[in-house]
Amino acid sequence: MRQCVINNATDFFKAVDEGSQIVVTLITAEAVQEREKSLDLRDVFANAAQIQGISQYHWVGINHKGELTTKRYSAAEVSTNNVVDESSDLESSDCDSRSPQDVIPIATEIGQWYAVYWRPNNYQFIGRELQIELDRRVTMEFVHQTAEDVNCFKPTNDIDTVPACDILIKIESPTPLSSSRCSAVKLTDSEYQHVQEAFRSKVEDM
């Protein structure tokens, strides 16, 4: 196996560029500084308006009106200055039209497990988050309950996207049902009870 000593970006570029199918573009520190200068980034950041609570926001962009917009994937309420907050925009067929504090999604993390209200069938599933989308939706890989009111789930390679506001609660990763049935998984009894309670509460509030 070829051994390479990497001390800087140039060494890395040379190591990858020699006989590799990976395309790497070398950008020097001087080139970055020139680009910053051409864009007047120092002045841009020095004169930028302060956004209170910016750490609570997970997405920033410009809308069709040229306004700075933000999206928030957290239950925390924050105030902003000169910023259009689209997180409480309830004009969506996927989420009910209650007050903003009732429908702001909980903060989620890729790789974590969650219980989700499945709106089309008025049911609940559990799944692992794969990706956070920009339109207040998340992509998840679900396991299916083998029977209603039974704490037993089977992997099905079911990947789907759901509204973030339909995520009920975060849960611990399910564990194998038994040593002889590794394909089936379950939650702890207390965790399963929490999922059931969260589901019932969601249905009652709708």
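In summary, the aromatic rings of His144 and Phe125 are positioned with their centroids under 6.0 Å apart.
The two residues Lys186 and Asn151 have their closest heavy-atom pair at CB-O, 3.4 Å. Scanning all heavy atoms of the two residues, the minimum distance from Pro163 to Arg137 falls at CG-NH1, 3.7 Å. Nearest heavy-atom pair across Thr146 and Lys154 is CG2-CG, 3.4 Å. Contact record, Ile169 with Ala198: CG2-CB, 4.0 Å, taken as the closest heavy-atom pair. Heavy atoms only, all atoms of each residue included: Thr108 and Tyr114 are closest at CA-OH, 3.2 Å. Here the shortest heavy-atom pairing between Arg119 and Asp166 reads NH2-OD1, 2.6 Å.
When hydrophobic residues (I, L, V, M, F, W, Y) are linked wherever their side-chain heavy atoms come within less than 4.5 Å, the members clustered with Leu39 are Leu41, Phe45.
Heavy atoms of other residues, nucleotides or ligands lying less than 6.0 angstrom from OH of Tyr123 number more than 12. Within 6.0 Å of CG in Asn47 there are more than 12 heavy atoms belonging to other residues, nucleotides or ligands. Remark: Glu172 CD is loosely packed, at most 12 non-hydrogen atoms of other residues, nucleotides or ligands lying under 6.0 Å away.
Under the side chain to side chain contact (heavy atoms under 4.5 Å, CB included) criterion, Asn157 pairs with Glu141, Ile159, not counting sequence neighbours.
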Verify side chain to side chain contact (heavy atoms under 4.5 Å, CB included) between Thr175 and Val185, making sure each step is shown before the conclusion. CA-CA 5 Å; Thr175 57; Val185 295; over 6 Å; no
Side chain to side chain contact (heavy atoms under 4.5 Å, CB included) between Glu129 and Trp113: does it pass, once the steps are laid out? CA-CA 6 Å; Glu129 184 171 302; Trp113 284 77; over 6 Å; no
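Between Leu187 and Ile171 there is a side-chain heavy-atom pair separated by less than 4.5 Å.
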